[in-house]
Amino acid sequence: MTQRYYITTPIFYVNGDPHIGHAYTAVAADVMARFRRLQGRDVWFLTGTDEHGQKVEAAARLAGLDPQAFSDDISARFRAMVRSMNISHDDFIRTTEPRHKAACAALWQRLEAAGMIYLGHYEGWYATRDEAFYGEDELSIGADGIKRAPTGAPVEWMREPSYFFRLSAFAERLLALYEENQSFIQPASSRNEVMSFVRGGLRDLSVSRTSFTWGVKVPGDPAHVMYVWIDALTNYLTALGYPDEQAERMAFWPADVHLVGKEITRFHAIYWPAMLMAAGLPLPRHVFGHGWWTVEGEKMSKSLGNALAVQPLIDEFGLDPLRFFLLREMPFGNDGDFSRRALINRLNVELANDLGNLAQRTLSFIAKNAGAIVPVRGEPQPADWALRDLAAGLPERVAAAMDRMALQEALEEIWKLVRACNAYIDHQAPWTLRKTDPVRMASVLRDLIECLRVIGILLQPFMPDTMAKLLDQLGVAATARDFSALTEGLVDNAPLPQPSGLFPRFVEPV
RNA sequence: GGCGGCGUAGCUCAGUGGUAGAGCAGGGGAAUCAUAAUCCCUUGGUCGGUGGUUCAAAUCCGCCCGCCGCUACCA
């Protein structure tokens with residue numbers, strides 16, 4: 001049986017436009033999904049938009065639209081972003097879809113039937129003007145002695161009826177889960193934080209609201225809509241056909257990875273598994289919280305207005321170079337800085353100079369001096385074996401890094417071979433062999449393009465379009481590009497097409 | 001305040017007991033197939049400070065300094 005692999009991004013909240021941070025999450029998940037497909041796994045890759053809640057309701061009002069029309073618009077922008085980033089998702093879910101409302105209602109009822117939901121009261125400081133609750137620490141007391149929200153609106157202590165989920169009952173079981181499955185929460189820093197949070201004790205979770213209406217109605221009590229937790233997290237089940245547990249897609253449950261931003265790791269690592277335990281459903285295998293990008297050293301924020309839009313970057317630098325930069329620049333899980341200088345440096349040094357130029361110098365040399373066909377290997381020399389061993393062991397090293405979600409390390413491993421190839425071609429100097437030993441020259445060139453083939457195949461998940469172009473230039477059949485074909489090798493004397501550059505150097509416009 | 005993390009070459013970081021490492025940047029040289037790209041050599045660090053454990057510490061322990069994260073209803 002083919003091994004299944006289910007990976008998700010968070011559903012993106014439609015209270016603002018997509019930016020590079022969203023694209024980052026999507027690309028990382030996309031690379032994992034493509035990698036697993038090339039390994040021969042049966043992949044389901046889900047992304048989508050989260051469209052309910054008070055903030056959307058308010059943003060819509062501000063825009064003079066009803067919440068559905070507003071959500072339709074922003075959701076379409078996320079869909080366009082995902083398309084322009086060449087994301088290979090299998091489904092794009094929207095929480096306003098009927099299938100999702102049905103799934104939420106079903107999960108709710110299941111939790112309720114299990115005695116995990118009860119009616120109580122939610123209390124807090126409420127600003128009528130903002131129609132929002134605020135935490136004690138957000139408030140300030142004015143000269144007039146009145147407590148005010150950060151928005152300046154006066155607050156008062158309010159109680160509203162709310163349904164609660166018995167989260168407090170799950171602390172021990174959650175801690176046992178984290179102990180048993182050490183990689184359930186990654187990276188380790190997030191795991192520490194979550195564990196320390198749970199050790200501190202859990203309170204029951206308020207899971208409904210009566211203070212706004214833009215949400216999924218609570219079954220049997222239409223005065224309530226579901227508050228964010230159940231609504232948003234359930235999407236991962238909705239997309240598989242839940243509550244129809246016989247649905248074909250349900251075979252993908254449990255998810256292999258919920259990829260999320262680190263700010264929402266906790267919800268995925270605590271609330272979600274607790275809800276699933278309560279419902280008697282299997283738990284996801286991993287929750288990975290990735291880091292954040294700063295932009296030119298500054299935090300991305302609405303007030304600074306420095307959130308980077310995706311399309312202008314694609315237009316200026318190209319899609320694949322952008323995808324590459326996002327995953328190459330920082331260890332996956334860390335924070336990093338998105339600077340124009342760093343981007344251009346990566347593109348020029350690693351893509352144009354290292355890899356692009358390697359492909360170009362090798363392929364154009366074959367085109368001009370080796371008959372534009374796949375050269376034939378001769379008697380191997382020690383230097384050849386060193387290179388071949390490096391290439392032969394590469395897929396395993398890359399797969400090991402990918403298993404740990406260490407995308408940057410996977411790229412670093414591949415680049416070790418790229419650099420080794422540049423050293424090899426210099427040391428072997430086929431341009432000299434051309435005059436002295438054409439048989440040896442052919443052998444050297446063959447070893448080089450076999451390495452390029454391995455590099456091209458392994459890099460497909462990161463830069464699908466450009467690697468397709470490279471593999472075309474190497475004459476690799478469309479059917480010989482998955483990982484099972486890594487050991488196959490090129491065909492002696494097969495004709496090679498005219499090569500052309502893969503990654504142009506970026507020259508700053510004057 | 002509590003819990004946790006980090007502080008290693010100019011920059012980004014790897015290294016968790018046994019003579020300090022990588023990439024980029026800097027310097028010198030070689031080559032000229034190639035997108036003037038590449039290759040070789042190389043400068044550079046009292047591994048935040050301090051005290052201790054040890055035959056031996058960047059690595060373990062204590063204290064100090066600095067930075068950061070978490071400390072629940074923000075998707």
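Heavy atoms only: backbone and side chains are in, while hydrogens, waters and symmetry mates are out. Convention: sequence-line order gives letters A, B, ...; per-chain numbering from 1.
For the pair A:Arg377 and A:Glu450, the salt-bridge criterion is not met [side-chain N within less than 4.0 Å of a carboxylate O]. A salt bridge is absent between A:Arg397 and A:Glu412; no separation between the charged side-chain nitrogens and carboxylate oxygens falls under 4.0 Å. Ion pairing between a basic and an acidic side chain is recognised when a charged N comes within 4.0 Å of a carboxylate O; A:Lys55 and A:Asp50 show no such pairing.
No hydrogens or angles considered: nothing links the side chains of A:Ser71 and A:Thr96 as a donor-acceptor pair under 3.5 Å. At a cut-off of 3.5 Å, with distance as the only test, a side-chain donor of A:Arg440 or A:Gln428 sits close to an acceptor on the other residue.
At B:rC74, one or more side-chain N or O atoms of A:Tyr227 fall inside 4.0 Å of OP1 or OP2 (strictly under the cut-off). Side-chain N/O atoms of A:Lys416 include none lying less than 4.0 angstrom from OP1 or OP2 on B:rA22. In this structure, A:Arg199 does not reach the B:rU71 phosphate: none of its side-chain N or O atoms is under 4.0 Å from OP1 or OP2.
The distance between atom NZ of A:Lys262 and atom C1' of B:rG69, rounded to the nearest whole Å, is 7 Å. Atom CG of A:Leu202 and atom P of B:rC73 are 13 Å apart (whole Å). Separating the CZ atom of A:Arg446 from the C1' atom of B:rC33 is a distance of 20 Å, rounded to the nearest angstrom. Residue A:Arg341 contributes atom CZ, which lies 10 Å from atom P of B:rA25 at whole-angstrom precision. For A:Glu412 and B:rA22, the CD to C1' distance is 7 Å, given to the nearest whole Å. In this structure, A:Asn15 atom CG and B:rC74 atom P are separated by 13 Å, rounded to whole Å. Atom CZ in A:Arg191 sits about 12 Å away from atom P in B:rG5, given to the nearest Å.
With a 6.0 Å cutoff to the six-membered ring centre and a 45° limit on the axis angle, A:Arg209 counts as a cation-pi contact of A:Tyr122.
Separating the OG1 atom in A:Thr466 from the CZ atom in A:Phe503 is a distance of 4.5 Å, to the nearest 0.5 Å. The CE atom of A:Met441 sits 6.5 Å away from atom CG of A:Asn369, with the distance rounded to the nearest 0.5 Å. To the nearest 0.5 Å, the span separating CD on A:Glu51 from CD on A:Glu57 amounts to 14.0 Å.
Minimum atom distance to the side chain of A:Trp431 is reached by B:rA31, of the listed B:rA31, B:rU35, B:rA72. Of the candidates B:rG5, B:rA34, B:rA72, the closest approach to any side-chain atom of A:Gln360 belongs to B:rA34. In the set B:rC74, B:rG5, B:rU35, the nucleotide with an atom closest to the side chain of A:Asn192 is B:rG5.
Taking the six-membered ring where the residue is Trp, the centroids of A:Phe324 and A:Trp415 are separated by under 6.0 Å.
The base-pairing partner of B:rG51, taking Watson-Crick or G-U wobble contacts with both distances under 3.5 Å, is B:rC61. Base-pair partner of B:rU19: not found among the strands shown (Watson-Crick or G-U wobble, both distances under 3.5 Å). Base-pair partner of B:rA14: not found among the strands shown (Watson-Crick or G-U wobble, both distances under 3.5 Å). Pair assignment for B:rC39: B:rG29, on the basis of Watson-Crick or G-U wobble contacts that are both within less than 3.5 Å. With both pairing distances under 3.5 Å, B:rC6 is matched to B:rG66 as a Watson-Crick or G-U wobble pair.
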Strictly under 3.5 Å: I want the nitrogen or oxygen pairs between protein and nucleotides 11-14 of chain B, one per line.
none

With 3.5 Å as the limit, what N/O pairs link the protein to nucleotides 36-41 of chain B?
{"from": "B:rA37", "atom 1": "OP1", "to": "A:Arg505", "atom 2": "NE", "distance (Å)": "3.2"}
{"from": "B:rA37", "atom 1": "OP1", "to": "A:Arg505", "atom 2": "NH2", "distance (Å)": "3.3"}
{"from": "B:rA37", "atom 1": "O5'", "to": "A:Arg505", "atom 2": "NH1", "distance (Å)": "3.4"}
{"from": "B:rA37", "atom 1": "O3'", "to": "A:Asn353", "atom 2": "ND2", "distance (Å)": "3.3"}
{"from": "B:rA37", "atom 1": "O2'", "to": "A:Asn353", "atom 2": "O", "distance (Å)": "3.0"}
{"from": "B:rA37", "atom 1": "O2'", "to": "A:Asn357", "atom 2": "ND2", "distance (Å)": "2.7"}
{"from": "B:rU38", "atom 1": "O2'", "to": "A:Arg361", "atom 2": "NH1", "distance (Å)": "3.1"}
{"from": "B:rU38", "atom 1": "O2'", "to": "A:Asp426", "atom 2": "OD1", "distance (Å)": "3.1"}
{"from": "B:rU38", "atom 1": "O2", "to": "A:Asp426", "atom 2": "OD2", "distance (Å)": "3.0"}
{"from": "B:rC39", "atom 1": "O4'", "to": "A:Asp426", "atom 2": "OD2", "distance (Å)": "2.7"}
{"from": "B:rC39", "atom 1": "O2'", "to": "A:His427", "atom 2": "NE2", "distance (Å)": "3.1"}

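For the P atoms, the distance from B:rA58 to B:rC47 is 7 Å, rounded to whole Å.
For the pair A:Ser196 and A:Gly201, nearest-nucleotide mapping onto RNA chain B gives the more 5' position to A:Ser196.
Considering only heavy atoms from C-beta on, A:Val14 stays 4.5 Å or farther from A:Arg77 through its side chain.
Taking the 5.5 Å centre cut-off and the 30° plane limit, the aromatic side chain of A:Phe365 is not classed as stacked on B:rC33.
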